[in-house]
Number of protein chains: 2
Amino acid sequence: MPTIKDVAREAEVSIASVSKVLNDPNYGSVQMRSRVMRATRKLGYQPNNIARSMVMGKTKIIALVIPDIRNQFFTSVARGVEDVASKYEYRVILCNTDEDATKQREYIDTFRSKIVDGFIISVASDRDQYLAKVDGQTLPFVYIDRLCEGISADAIVVDNQDGAHKAVSYLLELGHRRIGLVAGKSDTLTGRERLRGYQEAHESVGANLHSDLMIDGGFTIEGGYEATKALLGLSQPPTAIFIANNAMTIGCLKALAEAKVKIPDEISVIGFDDSEWAEFFSPPLTVVRQPTYTMGTLAGEILFQRILGTAPQEKQEIVLRPELVVRESCRALS
Amino acid sequence: MPTIKDVAREAEVSIASVSKVLNDPNYGSVQMRSRVMRATRKLGYQPNNIARSMVMGKTKIIALVIPDIRNQFFTSVARGVEDVASKYEYRVILCNTDEDATKQREYIDTFRSKIVDGFIISVASDRDQYLAKVDGQTLPFVYIDRLCEGISADAIVVDNQDGAHKAVSYLLELGHRRIGLVAGKSDTLTGRERLRGYQEAHESVGANLHSDLMIDGGFTIEGGYEATKALLGLSQPPTAIFIANNAMTIGCLKALAEAKVKIPDEISVIGFDDSEWAEFFSPPLTVVRQPTYTMGTLAGEILFQRILGTAPQEKQEIVLRPELVVRESCRALS
DNA sequence: AGAACCCAATAAAGCGTTTTAGTGAAAGGG
DNA sequence: CCCTTTCACTAAAACGCTTTATTGGGTTCT
């Protein structure tokens, strides 16, 4: 691989001149510019970005830390992040934590070693305070979807309580009084907020809460599957189920299919998070939709404001509103 | 951020000693080791990986270049790649090309600037020969799923022709003679091989091919949707459809739902690529399954063989066999 | 004509590591 | 007792760039 030195020799100019010309098309005399350009082309020279990063103190790379890219919520977010990163000529490193605080720590450590200019994170657990190690001034980061309450940073979140409230209120309006909840991880704010929305929807219409109807599915497919089986096995099973994320919805649907419970005739179902197939599933699934791609782009934009230093001093928290998409998986109880 | 210099001063040793101790726990005297370790902890020192990369000539980063992470096939592959990268203490940069050769070129250019130690690529189009620019010796890469025939490198592929053959043969055995094909991009080997499998299955039982039944869906959701609508609008519509990838399957299913065509009673459907929801879709979808996650891990392992120099001289091509998963979306024609 | 500028071009410093070559002291060998 | 090894440790070079300070020649101004 040719270096800038080789180009300088070939063009018979100094190293400094090559650098200047390459970074500023208007630098120097016409002859020198053309000599440098010709040499660059001839040698197929490509500047070494590592060397450049070292002197500039920027790598033009950011990281995205999420539980699992296979969760469609996060793949959509990731795509949004990558798109704005591309716009700024940045690349993005993908980090799957599998909800594991240890893996998350490892990733954070590598970031502290100057490998990225900033990162976007959906925390595995808000009980882990390791994030405090990164000084937000030096290495900016922004929360997406889930955050650590003690550690301040910009955040893009969804009003989870509102989303859950909308879903459960809808079910209550349809006359359901035994509504199962396949809940999310209780060590995430997201999980707790959706639980809170479920409870508060009941309270606001004076409906009773049954603790046996609320089961933690841990935000995973398997968890959703097991929780649904448990719900179905109850002596008095629910007439409707609200599932707190899309991974668990898949598990839930699988359990319902296995048990041959018909939707919506025998049970009504609402999932949190839309997906491409929900629309033409039979029956089409009623869901709470989050603006996933937009969350990714917004998080990206804010992060770049921080990186480029154009962000205001105080941290911003953007709260997006989820939307209830009514399709055909719920029926009124007569 | 403290540098190695600060640690050296704090520990009252030389810079070189700090470096040695940090990279070799057995170096030097016990006193010096403990002095260095204490200073490191006290200052919260984290080595600067950029500086290290510069001298070592390795960044410990690889890239994954794919059309779109939102395609479940690629999200599963990506997860496999990330998992083996983690094992080797590498990070992975995610690059979406949107099937766009220009975007792909931009990514390749940034790789040539030493930012990654190697990459895994599913080419956007095999008509683009830009890949030839990266000298496989200097910057190793491995193909996944799709490759450029002119440019040699390790490859992990699926026997696409065989997969398509299995699906279409099954349909033919069930008595179908008008089988629609929602085909993939003709400028990818993958797309052409699946088409070839479709044709060859017909030929092997002496069935006629109807050119009006083969429509290019470009591997996208919209393409699949449009192709299916076109198929349905034929004066003599097909009794079965074989769809050459999962994105197009979603579009196809959407078109069928809109047209209220019942599966499998009015039309039989087989998709290429399994997905989490296919199993409990109603009806459960018969599909050709590819070992996506495994493809990712294999590609990763081979790439690391190259990076670490443990790979054999000659390029390896691993061909995996897809599998027909029969569920309930096809019926026999009486 | 001399002072004051401006512009092209460059030498050299610096970014934070690893590594090579080397120093000095202690240990081992004849 | 001198010569050779071994060991702990270090100074300095190198990695490939960007940038700062500087030189030297040509203009412009007074």
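Numbered from 1 within each chain, the chains take letters A, B, ... in sequence-line order.
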Side-chain donor-acceptor pair under 3.5 Å between A:S86 and A:E82, yes or no?
yes

Please check if any side-chain donor atom of B:R91 sits under 3.5 Å from a side-chain acceptor atom of B:N49, or the reverse.
no

Residues in salt bridge (charged side-chain N to carboxylate O under 4.0 Å, His left out) contact with [X], at least two apart in sequence or another chain:
X	value
B:R33	none
B:K185	B:E99, B:D187
A:D100	none
A:R38	none

Identify the 5'-most and 3'-most nucleotides of DNA chain D with at least one atom closer than 4.0 Å to a non-hydrogen atom of chain B.
D:dA8 to D:dG16

Restricting to nitrogen or oxygen on both sides, can you table the protein-nucleotides 22-25 of chain C pairs closer than 3.5 Å?
none

Please set out all donor-acceptor pairs under 3.5 angstrom arising from side-chain atoms of residues 55-64 of chain B, sequence neighbours excluded.
from  : atom 1 : to     : atom 2 : distance (Å)
B:T59 : OG1    : B:I61  : N      : 3.3
B:T59 : OG1    : B:I115 : O      : 3.1
B:T59 : OG1    : B:D117 : OD1    : 3.1

ring-ring contact (aromatic ring centres under 6.0 Å, His included) contacts in which one or both residues fall within residues 48-101 of chain A, not counting sequence neighbours
A:Y88-A:F304, A:Y90-A:F304

Keeping to residues at least two apart or across chains, list the ring-ring contact (aromatic ring centres under 6.0 Å, His included) pairs with something in residues 2-52 of chain B.
none

With the threshold set at under 4.0 Å for non-hydrogen atoms, list the residues of residues 25-39 of chain B touching DNA chain C in residue-number order.
none

Is a salt bridge present between A:D83 and A:R79, judged by a nitrogen-to-oxygen distance below 4.0 Å?
yes

Quick test of your reading of the model: are A:D126 and A:R146 salt-bridged, counting only N-O distances below 4.0 Å?
no

Could you run down nucleotides 13-18 of chain C 5' to 3' and tag each one B, S or - for protein heavy-atom contact under 4.0 Å?
-BBBBB

Do B:F219 and B:N71 make a side-chain contact, defined as non-hydrogen atoms from C-beta onward lying under 4.5 Å apart?
no

Evaluate the side-chain proximity of B:D128 to B:V123: yes if any heavy-atom separation is below 4.5 Å, no if none is.
no

Is the count of non-hydrogen atoms from other residues, nucleotides or ligands lying under 6.0 Å from B:Q129 atom CD greater than 12?
yes

Would you mind reading off the bend of the helix from C:dA1-D:dT30 to C:dG30-D:dC1 from its two end axes, five pairs each, to 10 degrees?
50°

Would you call the rings of B:F141 and B:Y143 parallel, tilted or perpendicular if under 30° counts as parallel and over 60° as perpendicular?
perpendicular

